[in-house]
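Beneath this line is the structure, given in structure tokens, with notes to follow.
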Amino acid sequence: MSATSLLIKGGRVVDPASGVERDADVLLSDGKVKAVDKPGAVPAPAGGTTVNARGNLVLPGLIDLHVHLREPGLTHKETVESGTRAAAAGGFTSVACMANTLPVNDSGIVTAFIRERARSLGHCRVFVVGAVTQGLAGEKLAALGSMAAEGAVAFSDDGMPVMNSLVMRRAMEYAKYLGLPVISHAEDSNLSGKGLVNEGLVSARLGLEGNPAASEEIMIAREIALCRLTGARLHIAHLSTRLGVELVKRAKEEGLPVTAEVTPHHLSLTDEDVIPYRTCCKMAPPLRTAEDVAAVRAALASGVIDMIATDHAPHSELEKGVEYDRAPNGIIGVETAVPITYELVLKGELKLSRWVEALTLAPARLLSPASGIDGLGTLKIGAPADLTVLDPSAEWTYSAGSVRSRSRNSPWLGEKLKGRATLTVVGGVIRHRI
Amino acid sequence: MTRIPHLLGLEELSSAQIRGLLSVARRFADSPSLDRAPDLLQGKTVGLVFFEDSTRTKTSFETATTALGGRPMDFSAATSSLKKGETTYDTLITLKNAGADGFVVRHPSSGGPAYLAAKLGFPVVNAGDGHHEHPTQGLLDALTLEEALGSLKGRRVLIVGDIIHSRVARSNAHCLTKLGADVVLCGPPTLLPPEGALPGRVTPRLDEELASADAVMMLRIQFERQSFFPVPSSGEFTRFWGLTAERAALLKPEAFVMHPGPMNRGLEIDSLVADSPRSLIARQVAMGVPTRMACLAAVLAPDRLEQWAKKEGVVP
């Protein structure tokens, strides 16, 4: 598949980086954005393809900063190939994959391996997140410098909190020197203990150990303190609590280099959805209360939460189809992120341009400059030809047969959804088209 | 009585369903001998699947099955293929293929029996799941209490101990509330659910509740299993939440004392209290078999139960 000229005609172009939100034609050529102009002003390229995007949204390619591609080692759940295919089908042109593979991505050689798999088999761009500590054990620093040299764009022990504050401090100091952000899975694991669901009425009713919001908030507060101490860039993964939002807001007001993401599920579901022991609603952090959902929605709208990231976490039916307490944490998300979060735009809770920013420019900024790609997350002239066309009114069913991911652990399986990517272009190459 | 395809918990049963089960159990309990019980489970094999150790509950279900003419098929998790990595689901499928018509499941996971029932589409009676529910215990406690108190409407029942981890407390709170009782959940503040999660008022102050209780149900405290326990010591537990003889003296003279067993004498309940005339503990044990007979018949042989109940003039 090689890049050809592509003219996307008549769609509604939304490009937060340039403040554009109007009907326009977009010309992609030689792997770059060549022109964005009023409808009809851009002539169809000779020998190129023209796509009619009337009634559709034309956006910079969507970026998901938080996925688990499970390769190497856990390929029964997902592979770089299947995960990026699912991502492209969901409208994503870039993903960043977490380090909890087998072996853990805590060395330059594993980083290089994943990058090579992505280069040869990927259906979208893959940015690699390296581990903070060796084996995600929280004790000794992983080979941060070597991973950075092989192209890692950030560090995270995602899935496991770094409980030792000194270890996290050293990681931040080192990451700062490397110019890369540290992504925190904020959870005080002593406090969350065996918690399987948000601590509250639902956990007490179901007889499940609770994981209190405080376990996340304590760790967010610590990470912010360490960010202040070290000056490193800090990114809070899957923020889920009302007080967590307050902590990030204050850190930003203070001018600290802190960003945060929220997942589609924490924007849309509550702990009530866990009833009756649905393992497709089991993840860390757990689904919280309606009050927390309202808080993260408002924070996304105001920009306190910078971006949407899916925490796409595939697990096989064998692993998830067991008793609730025996099932692993995590759900898949790249194929449903668009309809689930676009609903907030339809409800008027989120401005269209803010929604687009949260899926494009905001994650691109966090990846910069490590991504090495000027204009990533924008439709500026000369930016990479990464583009997503969405039909916001398309109604479709997320059926088991249509899932591109190798796993099917989604709470939305079988549900009718509204809004869908109809075209995904990565570097000028069509990677998904309906 | 509306059909009960599985007995997974008392939260999801209506008060009419609970009353129906209790009426049948009462009739079995009043019968002079188990030998005269109807053969409602004739030709049926009941898989007794205990993924967690239990002697009294299993024996009670075994006796109940036999009393109704059924055949218990014992499955002992400790010596089984589970230890070789088999899933609980495959275990049940194996027993089904070996001829089981339904299952009694004790499971360490909250929601475990519900998971198996949904996946199997096969009658399941929950014999206790994690910290969630123990419905047959809840029913037998209600049967015992009704025998002692008459109607439970407006009666106050105090449940004391590790409420948050207790499946007995959950099943009792749901059951007794549906029967009109006023439930109070009491224990150390670290072992209480938040107010509103379960039916019943929640309080850590036992002494303030004793005078108004019609019955006190003490729960077992599992000090031996905890490496970190949310109460400073067993002595401190006894001091503030144990049903000592002094504390029992604060109860109304006609108030009853219960315990689902096994008891830790001297810890949550004093021997003098456990063995006093106000104790219903022996009666609770006696209600186990008739209650489980009613539950097994309702889930595994609903048609036969209905015919028998009609013939015998039992309410459902």
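In what follows, chains are A, B, ... by sequence order, proteins preceding strands, each numbered from 1.
Atom OG of residue B:Ser110 and atom OH of residue A:Tyr277 lie 5.0 Å apart, to the nearest 0.5 angstrom. Residue B:Ile164 holds its CD1 atom at 7.5 Å from CD of A:Glu199, rounded to the nearest 0.5 Å. Taken from NE2 in B:His131 to CG in A:Leu208, the straight-line distance is 9.5 Å, to the nearest 0.5 Å. With values rounded to the nearest 0.5 angstrom, A:Arg205 atom CZ is found 10.0 Å from B:Glu133 atom CD. Between the CG atom in B:Leu198 and the CG atom in A:Leu201 there is a gap of 9.0 Å [rounded to 0.5 Å]. Between the OH atom in B:Tyr115 and the CZ atom in A:Arg326 there is a gap of 9.0 Å [rounded to 0.5 Å].
For chain A, no part of B:His174 is nearby; none of its heavy atoms comes within less than 4.5 Å. Contact of B:Thr87 with chain A is not made at all, since no heavy-atom distance falls under 4.5 Å.
Counting only distance, with no hydrogens or angles, the side chain of B:Lys119 and the backbone of A:Val322 share no donor-acceptor pair below 3.5 Å.
Between A:Glu323 and B:Ser109, the shortest heavy-atom contact is CB-OG, 3.7 Å.
Counted within 6.0 Å of CG on A:Leu318, heavy atoms from surrounding residues, nucleotides or ligands total 12 or fewer; the atom is thus considered open. At most 12 heavy atoms of other shown residues, nucleotides or ligands fall within 6.0 angstrom of atom CZ in A:Arg408.
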